[in-house]
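Below is one structure, written out as structure tokens; comments come after it.
Owing to the predicted nature of the structure, the values given are computational and were not obtained by experimental measurement.
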Amino acid sequence: MDLNKPEFVGRPVLAKQKAEGVPTRLVPLKMQGPTPPLRPHYTVLKNGEVIGELCSGTLSPSLKVGVGMVYVPAQFARVRTEDVTARVR
């Protein structure tokens with residue numbers, strides 16, 4: 001997004017996010033072994049503390065494990081650096 005363009009809808013919000021950063025990020029989640037399929041609204045924990053909630057999830061037929069997407073605080077949105085737990089109901 002080119003913020004040097006003339007005014008457009010959403011420009012002030014995008015400029016603020018670019019300057020300050022975003023508080024949360026959408027990241028993929030892959031389970032480490034056979035599990036029930038992940039479902040939306042499952043709680044995601046890091047060291048026993050809630051850090052997010054799944055917004056989508058399913059069983060991957062090619063990977064044969066549960067996969068999902070979760071919004072987490074930006075500090076947890078690093079590639080393959082965080083071990084988290086999904087609380088399956």
Side-chain angles (χ1 to χ4, degrees):
M1 182 62 55
D2 184 4
L3 294 175
N4 295 322
K5 288 184 176 182
E7 284 297 314
F8 57 88
V9 175
R11 186 180 189 286
V13 173
L14 291 173
K16 180 179 178 187
Q17 287 179 347
K18 185 174 182 178
E20 299 175 6
V22 292
T24 60
R25 299 212 176 202
L26 182 65
V27 296
L29 177 70
K30 177 183 153 199
M31 300 303 284
Q32 294 181 342
T35 62
L38 295 173
R39 297 284 183 242
H41 307 295
Y42 283 0
T43 303
V44 177
L45 306 128
K46 169 79 175 163
N47 296 328
E49 181 182 336
V50 176
I51 62 166
E53 182 178 290
L54 276 155
C55 57
S56 66
T58 191
L59 181 65
S60 168
S62 58
L63 297 174
K64 305 215 183 335
V65 295
V67 295
M69 298 296 288
V70 58
Y71 279 103
V72 296
Q75 70 262 26
F76 297 113
R78 308 247 188 309
V79 177
R80 299 192 53 77
T81 59
E82 301 296 332
D83 288 328
V84 297
T85 303
R87 185 178 293 155
V88 179
R89 296 178 192 175

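In this view, Leu59 and Pro37 satisfy the side-chain contact (heavy atoms from CB on, under 4.5 Å) rule, not counting sequence neighbours. Shown here are the side-chain contact (heavy atoms from CB on, under 4.5 Å) partners of Lys5, two or more places apart in sequence or in another chain: Asp2, Phe8. When the side chain to side chain donor-acceptor pair (under 3.5 Å) test is applied to Gln17, no partner is found at least two apart in sequence or on another chain.
Leu54 approaches Val70 most closely through the heavy-atom pair N-CG2, 4.0 Å. Of all the heavy atoms in Val65 and Lys30, the pair that sits closest is CG2-CG, 3.9 Å. Residues Ser56 and Pro40 share a closest heavy-atom pair of CA-CG, 4.1 Å. The two residues Val27 and Ala77 come nearest to each other via the heavy atoms CG1-CB, 3.6 Å. Nearest heavy-atom pair, Leu3 versus Lys18, reported as atom, atom and distance to 0.1 Å: CD1-CD, 3.6 Å.
Linking Ile, Leu, Val, Met, Phe, Trp and Tyr whenever their side-chain heavy atoms come within less than 4.5 Å leaves Phe76 and Tyr71 in two separate clusters.
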Is there a side-chain contact (heavy atoms from CB on, under 4.5 Å) between Val67 and Leu38? Walk through the geometry before answering.
CA-CA 6 Å; Val67 295; Leu38 295 173; 5.6 Å; no
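Note that CG of Leu45 is 11.5 Å distant from CD of Glu53, once rounded to the nearest 0.5 Å.
A donor-acceptor pair under 3.5 Å is absent between the side-chain atoms of Arg25 and the main chain of Val72, judged by distance alone.
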